[in-house]
Amino acid sequence: MSAATITTAPAHAVPLWVLKLTMAVTGVIWAVFVLIHLLGNLKAYLGAEAFDHYAHWLREVGYPLIPHSGVLWALRVVLLACLVAHVAAALTLLARSRAARGPVRAARTGLRMWNATFMLPTGLIILAFLGLHLLDLTLGVRPVAPEAFTAAAGGGSPYANLVASFSRPWAALAYGIAMLAAAVHVLHGTILATSDFGAMGLRLRHVMAWIGGIAAAAILLGNASIPAAVQLGVLG
């Protein structure tokens, strides 16, 4: 992002550092959620009983002090707010960057090239996947969801829903592509967030790059292995 972006923005516009910090904080929250969610997803390898128990437990956390699904809905609200803020900040930064650049496109190298090439398309893939994932395994809206879908809130089996969904090759492939996009987004997002948080030391930046790489690999290999296992008959 060039200095011209700051000078060409309206006086009342949100400061550049606020937008970048918003993206960094909300991105970290989502990355942590995805990693925690991965641990729950991997319970599928322990069988239907373990996976279903985990899924139903999420709706009982804090009960009776907190109403049924209270914690789950609070988490959803926080994640939705973070998603909206993240996307809004990203679109604002993109618009300012293009306005500052004008019709002339400067050559991009290194991180700027990586950011321009991968972050926007992977972000769009992730957004599309979130919509499909909610329609498929959360809301059970057909034809996105399988015919055999049963709502967990009504005593259905989340494990059976997962197997029924990933038994469809297109659903398994779409999930794998989405996990690849998420891994790339998390990897480079970690590098960008490190700078946005003000960490300038070379050693710290290398450490954060390794952390981002490990997190990205876990997200890709862990999550993508589940639809692959269903297709191979390991889960079912």
Side-chain angles (χ1 to χ4, degrees), residues 26-27 29-31 33-45 47-48 50-59 68-69 71-88 90-91 118-186 216 219-236:
T26 55
I29 291 174
W30 262 96
F33 164 75
V34 170
L35 287 170
I36 295 175
H37 190 49
L38 168 63
L39 297 178
N41 289 343
L42 292 177
K43 288 186 179 292
Y45 287 106
F51 190 81
D52 287 349
H53 176 74
Y54 162 72
H56 290 297
W57 171 80
L58 289 176
R59 292 167 171 77
H68 287 286
S69 300
V71 172
L72 186 60
W73 274 105
L75 178 61
R76 288 170 174 169
V77 170
V78 170
L79 289 174
L80 178 60
C82 287
L83 180 64
V84 171
H86 193 83
V87 172
L91 292 178
F118 292 107
M119 291 303 282
L120 179 58
T122 55
L124 293 175
I125 291 173
I126 292 169
L127 280 177
F129 164 73
L130 287 174
L132 288 173
H133 192 58
L134 287 174
L135 293 174
D136 183 8
L137 293 177
T138 301
L139 300 176
V141 177
R142 298 179 178 87
V144 179
E147 291 293 330
F149 179 90
T150 55
S157 170
Y159 181 86
N161 292 338
L162 179 145
V163 171
S165 178
F166 292 152
S167 293
R168 302 169 298 174
W170 71 264
L173 178 61
Y175 193 84
I177 292 173
M179 290 306 103
L180 177 59
V184 172
H185 207 81
V186 166
I219 290 170
L220 174 59
L221 298 178
N223 281 323
S225 72
I226 297 174
V230 173
Q231 285 291 311
L232 294 171
V234 177
L235 295 178

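Treat the numbers as computed from the prediction; the structure is a model and nothing was measured.
The heavy-atom pair separating V186 from A216 by the smallest distance is CG1-N, 4.4 Å. Annotation for A171 and S165: closest pair CB-O, 3.3 Å, computed over non-hydrogen atoms.
Counting heavy atoms from C-beta outward, S225 and Y45 have side chains that approach closer than 4.5 Å. Residues D136 and P146 are in side-chain contact: their nearest non-hydrogen atoms beyond the backbone lie under 4.5 Å apart. Within the 4.5 Å cutoff, the side chain of C82 has heavy atoms near those of the V78 side chain. Using a 4.5 Å cut-off on side-chain heavy atoms (C-beta onward), L83 and L127 make contact.
Between H133 and Y175, the ring planes are tilted. Angles from 30° to 60° get that label. Taking the six-membered ring where tryptophan is involved, the planes of F51 and Y54 are tilted, since the angle between them lies from 30° to 60°.
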Stepwise side chain to side chain contact (heavy atoms under 4.5 Å, CB included) test for Y159 and V163: CA-CA 6 Å; Y159 181 86; V163 171; 3.7 Å; yes

Check against side chain to side chain contact (heavy atoms under 4.5 Å, CB included), V34 and L38: CA-CA 6 Å; V34 170; L38 168 63; 5.6 Å; no

F33 vs L75, side chain to side chain contact (heavy atoms under 4.5 Å, CB included): CA-CA, chis, key distance, verdict: CA-CA 9 Å; F33 164 75; L75 178 61; 4.0 Å; yes

Residues R76, L134; criterion side chain to side chain contact (heavy atoms under 4.5 Å, CB included); working and verdict: CA-CA 11 Å; R76 288 170 174 169; L134 287 174; over 6 Å; no

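The distance from atom CG of L180 to atom NE2 of H185, rounded to the nearest 0.5 Å, is 13.0 Å. How far CG of L39 is from CG of N41: 9.0 Å, rounded to the nearest 0.5 Å. Note: L91 CG to H86 NE2 = 10.0 Å, rounded to the nearest 0.5 Å.
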